[in-house]
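For ligands, and for the atoms within them, numbers begin at 1 and follow the listed sequence.
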Amino acid sequence: MAENAKRILILGLGGAGCSTIARIASTAPDGMEFAVMDCDVQTLERCAHIETRLVIGKGITDGLSAGGDLETGRRCAESSVSQIETLLSAVDLLLVVTGLGGGLGSGAAPVLARMARNAGAHSLFFTVLPFPFEGSVVQGKAHNSLHRLRTHADAIVQMPNKRIQPDGDALLTDSMERSDRTLSAGVVGLWRILSHTGLCNLDFADLHTLLRYCDATCRFSCASATGEGRAQTLIDALRVHPLADNGAIFENAPGMLVGITGGEDLTLAEAQQIMESIVPDNETCWVKMGIAIDPSFSGRISAMVLTAESWKEPLVGDGRGGLKSASGEGGQGELPGVLKPRSRAFGGSERTVWRGEDLDVPTYLRRKTKLPR
Ligand SMILES: Nc1nc2c(ncn2[C@@H]2O[C@H](COP(=O)(O)OP(=O)(O)OP(=O)(O)O)[C@@H](O)[C@H]2O)c(=O)[nH]1
Ligand SMILES: [Mg+2]
């Protein structure tokens, strides 16, 4: 890893998350770093090929699942704070895959997001939402968890299981597998565009900008294509992706990252055709593009597009080639990295400093916590 490379940890949380990560890890490109976490020992046993497996809440469920109880899931995570802190140390970006609607994933995800923020890591959650037939109680738990997650996570990608429309009499396991494959492709695609140095780089700072300004929810689309007319095939596939709403996610996006990967045979015309079809024809969409040449892609091109669903507020140029929010105010997403020490906080009274922290500064500012929307 290059000296200034950012560390990306890909974590599976709960049953659905662990099964997706187990699938990704068995065919992953070199260099991806994985971990799985559950209170259910049996789930972790199915992930034997993943080096880092964390059993949380041992004293609470005794190695069993959280039994669909969100509060138990939350307590499992809270009881394993030091294990999780160790896992998150020196991580720059945490990509979490989890299913919401059960107990462990729904309860532990918000705790994990909070801990990632406190550890100074960005977090992006790829969440699977339950099928409607699982009932309103399960849907309610997923909704509740999403609501809490928005408080601390930088961004959340929602992937309702129902988006993967099974053909006629497809087996339930097959449609779940399709859902897992869709998520896996998104996780690998995002990792690839952040990890490959390319002709035209997309890097961590670009993702940071998207996460800082997006209003918590993101979508993605990704596809690969080969053969004659492969650029058009790729564009069509990006539009019919289960999360792309026939291209509406591109047309309406206020911001997007586009990563294109191809072999030595990738042409300028192909890159241009893809960009012109994906990027909305307006001046308000913030777009960052990266192109990477990977010799193993000979004959194949692939693209990953991560879009913000909405922006906290419109962005304008800062006159130095950067961006700032239109109001000119920081907003919660732009909390200062280092709080400036002040000699007298309130009208000449002495600062209240405890263990090196200035208690006159509100806790949410000191801890860089996003308040609930
Ligand atoms: N796509 C997909 N979705 C799944 C899978 N397993 C479960 N789900 C979905 O994810 C939701 C949460 O289920 P789990 O991940 O098994 O629950 P958990 O977080 O382990 O919670 P507990 O088992 O109660 O501790 C379910 O309601 C399903 O909609 C899977 O293998 N693939
Ligand atoms: Mg489970």
Side-chain angles (χ1 to χ4, degrees), residues 10-26 34-47 50 53-80 84 96-113 125-149 153 156-167 170-188 220 241-243:
I10 301 160
L11 175 75
L13 180 67
C18 291
S19 91
T20 304
I21 294 303
R23 178 187 308 277
I24 302 178
S26 51
F34 298 102
V36 282
M37 190 191 292
D38 203 329
C39 52
D40 185 341
V41 172
Q42 276 192 350
T43 300
L44 295 177
E45 279 169 1
R46 289 196 289 272
C47 303
I50 294 168
R53 298 183 297 277
L54 225 66
V55 189
I56 57 171
K58 272 188 202 147
I60 297 172
T61 70
D62 204 16
L64 300 177
S65 81
D69 184 35
L70 189 148
E71 187 51 26
T72 302
R74 186 192 66 75
R75 286 198 298 125
C76 285
E78 295 284 10
S79 71
S80 308
I84 300 174
V96 180
V97 180
T98 192
L100 302 183
L104 195 277
S106 307
V111 179
L112 193 60
F125 283 71
F126 288 82
T127 60
V128 178
L129 304 184
F131 288 104
F133 64 71
E134 292 183 69
S136 53
V137 172
V138 171
Q139 302 288 344
K141 274 186 279 181
H143 184 78
N144 181 333
S145 179
L146 273 177
H147 184 72
R148 296 186 196 193
L149 198 50
I156 305 164
V157 173
Q158 298 175 39
M159 221 292 312
N161 263 333
K162 72 170 181 209
R163 287 243 176 192
I164 310 294
Q165 294 292 350
D167 322 318
L171 298 172
L172 180 64
T173 47
D174 288 346
S175 58
M176 282 214 178
E177 243 184 77
R178 280 174 62 183
S179 166
D180 295 351
R181 274 202 303 271
T182 306
L183 264 195
S184 307
V187 172
V188 174
F220 74 89
H241 183 276
L243 292 186

Which atoms from ligand 1 have a heavy atom of [X] less than 4.0 Å away?
{"X": "Ser179", "result": "1 (N)"}
{"X": "Gly99", "result": "10 (O), 12 (C)"}
{"X": "Pro130", "result": "27 (O), 29 (O)"}
{"X": "Val128", "result": "1 (N), 3 (N)"}

Return the residue, atom name and 0.1 Å-rounded distance of the protein heavy atom closest to [atom].
{"atom": "atom 31 (O) of ligand 1", "answer": "Ser19 OG, 3.4 Å"}
{"atom": "atom 26 (C) of ligand 1", "answer": "Glu134 OE1, 3.4 Å"}
{"atom": "atom 3 (N) of ligand 1", "answer": "Asn161 ND2, 3.3 Å"}
{"atom": "atom 32 (N) of ligand 1", "answer": "Asp180 OD1, 2.9 Å"}
{"atom": "atom 19 (O) of ligand 1", "answer": "Gly105 N, 2.7 Å"}
{"atom": "atom 6 (N) of ligand 1", "answer": "Ala16 CB, 3.7 Å"}
{"atom": "atom 23 (O) of ligand 1", "answer": "Ser65 CB, 3.7 Å"}
{"atom": "atom 30 (C) of ligand 1", "answer": "Met176 SD, 3.4 Å"}

query: Touching ligand 1 at all, Leu100? Heavy atoms, strictly under 4.0 Å?
result: yes

- request: Decide whether the shortest distance between a heavy atom of Asp40 and an atom of ligand 1 is less than 4.0 Å.
  value: no

task: Run down the list Gly15, Ala66, Gly12 and name the one with the heavy atom closest to atom 16 (O) of ligand 1.
output: Gly15

task: Kindly identify the option in Gly102, Ala22, Gly68, Gly14 whose heavy atom sits closest to atom 24 (O) of ligand 1.
output: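 Selected option, by shortest heavy-atom distance: Gly68.
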
task: Output, in order, the C-alpha distance, side-chain angles, deciding distance and verdict of side-chain contact (heavy atoms from CB on, under 4.5 Å) for Thr61 and Leu104.
output: CA-CA 11 Å; Thr61 70; Leu104 195 277; over 6 Å; no

Using only atom types and a distance under 3.5 Å, with no angle test, would you say the side chain of [X] pairs donor to acceptor with the backbone of [Y]?
{"X": "Lys141", "Y": "Gly68", "value": "yes"}
{"X": "Ser145", "Y": "Ala142", "value": "no"}
{"X": "Ser106", "Y": "Leu100", "value": "no"}
{"X": "Ser179", "Y": "Asn161", "value": "no"}
{"X": "Ser184", "Y": "Ile21", "value": "no"}

message: Check this for me: does any side-chain nitrogen of one of Glu78 and Arg75 sit under 4.0 Å from a carboxylate oxygen of the other?
response: no

- prompt: Taking non-hydrogen atoms only, is Leu104 closer than 4.0 angstrom to ligand 1 via side chain, backbone, both or neither?
  reply: both

field: Min side-chain heavy-atom separation Leu243-Val157 under 4.5 Å
entry: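 Result yes, sub-4.5 Å side-chain heavy-atom pair found.
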
- request: Before giving the answer on side-chain contact (heavy atoms from CB on, under 4.5 Å), spell out for Leu183 and Phe220 the whole-Å C-alpha distance, their side-chain angles and the decisive distance to 0.1 Å.
  value: CA-CA 9 Å; Leu183 264 195; Phe220 74 89; 4.3 Å; yes

query: With a cut-off of 6.0 Å (strictly less than), are more than 12 heavy atoms of other residues, nucleotides or ligands near CD of Glu71?
result: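 Yes, enclosed.
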
message: For ligand 1 and Gly103, I'd like to know whether there is a polar contact (N/O to N/O, distance under 3.5 Å).
response: yes

message: Test side-chain contact (heavy atoms from CB on, under 4.5 Å) on Phe131 and Ser175; report intermediate values, then the result.
response: CA-CA 11 Å; Phe131 288 104; Ser175 58; 4.1 Å; yes

